[in-house]
Number of protein chains: 2
Amino acid sequence: MSGTEEGTLVAQWRDLVTCYNKVACDLDRELQDQHGLGMSEFEVLDRLIESGQEKVRMHELAEGMYLSQSAFSRTVARLERAGLVSRAMCMDDRRALFVTATEAGRARHTDARDTHRKVLAHHLG
Amino acid sequence: MSGTEEGTLVAQWRDLVTCYNKVACDLDRELQDQHGLGMSEFEVLDRLIESGQEKVRMHELAEGMYLSQSAFSRTVARLERAGLVSRAMCMDDRRALFVTATEAGRARHTDARDTHRKVLAHHLG
DNA sequence: GGACATTTAATGCTTGTGCAATTGATGCGT
DNA sequence: ACGCATCAATTGCACAAGCATTAAATGTCC
């Protein structure tokens with residue numbers, strides 16, 4: 001573990017954090033201002049619709065997401081409160097829930113998608 | 001703007017977020033558990049001591065950090081409450097404040113530095 | 001079949017963060 | 001010298017996130 005290795009490691013980490021925060025803040029602001037969606041809310045909606053499936057189980061949808069279980073649960077709850085998503089019981093396993101995008105949810109996603117991609121392209125392109 | 005470009009852009013962003021969250025969470029937990037420091041608190045302390053200067057002005061220290069002004073202000077306040085840092089008035093410009101690491105602050109930093117580097121090396125190395 | 005561990009999702013609680021507004025000090029133009 | 005914009009830092013507020021706990025359903029082992 002040489003000093004220079006440490007130095008580049010820290011520098012690398014700082015770049016990562018800075019980059020992340022810039023993009024995340026911008027994304028959050030744009031999505032919120034233009035579409036009333038938080039970054040995580042869009043992310044969930046995006047993954048749900050992108051899956052191609054009508055219904056997706058909570059646990060399956062949460063898989064691969066950066067959020068904690070509780071944060072994810074609340075994000076979906078927010079989406080449901082906003083009428084963009086609906087939750088339905090799963091008969092096969094009554095612990096699980098199915099999440100489905102509503103018409104409003106699909107419409108909102110279509111709108112917001114452009115903003116999302118634009119911000120990403122601006123920062124990462 | 002082709003579909004594949006969009007796809008890799010989103011994938012790139014998701015990778016970035018996932019990586020950031022994994023490292024940040026781990027870092028936060030390790031620093032908190034082993035040294036009673038949050039990630040941002042360590043970051044401020046690290047930059048302060050790394051500067052080599054005895055006193056650094058708040059605004060100068062905040063420069064290049066990922067935190068908002070208010071978050072930064074509160075982070076320094078937390079460090080001060082913990083006795084790791086002290087704030088002193090700047091006579092040249094009475095709006096500004098000087099931040100100085102205390103002995104306890106330097107000691108804590110020395111301890112935590114290893115943990116910090118270790119976590120970074122584990123994830124980024 | 002009954003006891004116990006595991007899984008799925010939600011909730012109480014605390015905390016760190018950003019935004020907007022505020023306070024106090026400095027600089028600048030007239 | 002006065003008024004006004006600007007700058008430095010803090011504070012009120014709302015909110016999203018993580019941790020730990022909980023509740024209900026399922027699985028497993030005997």
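Letters go in sequence order (proteins before strands), and every chain restarts at 1.
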Margin query: For a quick check of understanding: with a heavy-atom distance under 4.0 Å over all strands, which category does A:Arg78 fall into, base, sugar-phosphate or nothing?
Written below: sugar-phosphate
Item checked: Among D:dA17, C:dA10, D:dA9, the nucleotide that comes nearest once only the side chain of A:Ser73 is considered -> C:dA10
Note to self: Tell me whether the side-chain N/O atoms of B:Arg29 come closer than 4.0 Å to OP1 or OP2 in D:dC19.
What the structure shows: yes
Next item on the list: Taking only Lys NZ, Arg NE, NH1 and NH2, and the carboxylate oxygens of Asp or Glu, determine whether B:Arg14 and A:Glu50 approach each other closer than 4.0 Å.
Entry: yes
Check: Quick one: B:Leu27 CG to D:dG18 C1', roughly how many Å, whole number?
Finding: 15 Å
Notebook entry, point to check: Got a donor-acceptor pair under 3.5 Å from the side chain of B:Gln69 to the base of D:dA8?
Noted result: no
Check: What residues in residues 84-98 of chain B put a non-hydrogen atom under 4.0 Å from any atom of DNA chain C?
Finding: B:Asp93, B:Arg94, B:Arg95
Notebook entry, point to check: Atom CZ of B:Arg74 to atom P of D:dA14: distance rounded to whole Å?
Noted result: 13 Å
Margin query: Can you measure B:Phe42 atom CZ to C:dG16 atom P for me and round it to whole angstrom units?
Written below: 17 Å
Item checked: Nucleotide nearest B:Thr75 (side chain, heavy atoms from C-beta), chosen from D:dA17, C:dT17, D:dA9 -> C:dT17
Next item on the list: Please report, rounded to the nearest Å, how far the P atom of D:dA16 is from the OH atom of A:Tyr66.
Entry: 12 Å
Note to self: If I take atom CD in residue A:Gln32 and atom C1' in nucleotide D:dA14, what distance separates them, rounded to the nearest angstrom?
What the structure shows: 12 Å
Next item on the list: Decide, yes or no, whether a salt bridge links A:Asp26 with A:Lys118 under the criterion of side-chain N to carboxylate O below 4.0 Å.
Entry: no
Checklist line | Nucleotide of C:dG18, C:dT11, C:dT17 approaching B:Ser68 most closely (side-chain heavy atoms) | finding: C:dG18
Notebook entry, point to check: Expressed in angstrom and rounded to an integer, what is the separation of A:Leu79 atom CG from D:dA16 atom C1'?
Noted result: 13 Å
Next item on the list: Would you indicate whether the side-chain heavy atoms of B:Glu60 and B:Gln53 approach each other to under 4.5 Å?
Entry: yes
Notebook entry, point to check: For the ring pair B:His109 and B:Phe42, is the centre-to-centre distance below 6.0 Å?
Noted result: yes
Item checked: Beyond-backbone contact of A:Leu120 with A:Leu27, side-chain heavy atoms, under 4.5 angstrom -> yes
Note to self: Is the shortest side-chain heavy-atom distance between B:Ser86 and B:Phe98 below 4.5 Å?
What the structure shows: no
Next item on the list: Please report, rounded to the nearest Å, how far the C1' atom of D:dA8 is from the CE atom of B:Met65.
Entry: 17 Å
Next item on the list: Calculate the interatomic distance between A:Asn21 atom CG and C:dG18 atom P; express it in whole Å.
Entry: 7 Å
Notebook entry, point to check: B:Ser40 side chain N/O closer than 4.0 Å to the phosphate oxygens (OP1, OP2) of C:dG16?
Noted result: no
Next item on the list: Given side chain to side chain donor-acceptor pair (under 3.5 Å), test A:Gln34 with A:Thr115 step by step and report yes or no.
Entry: CA-CA 8 Å; A:Gln34 299 185 25; A:Thr115 301; 3.3 Å; yes
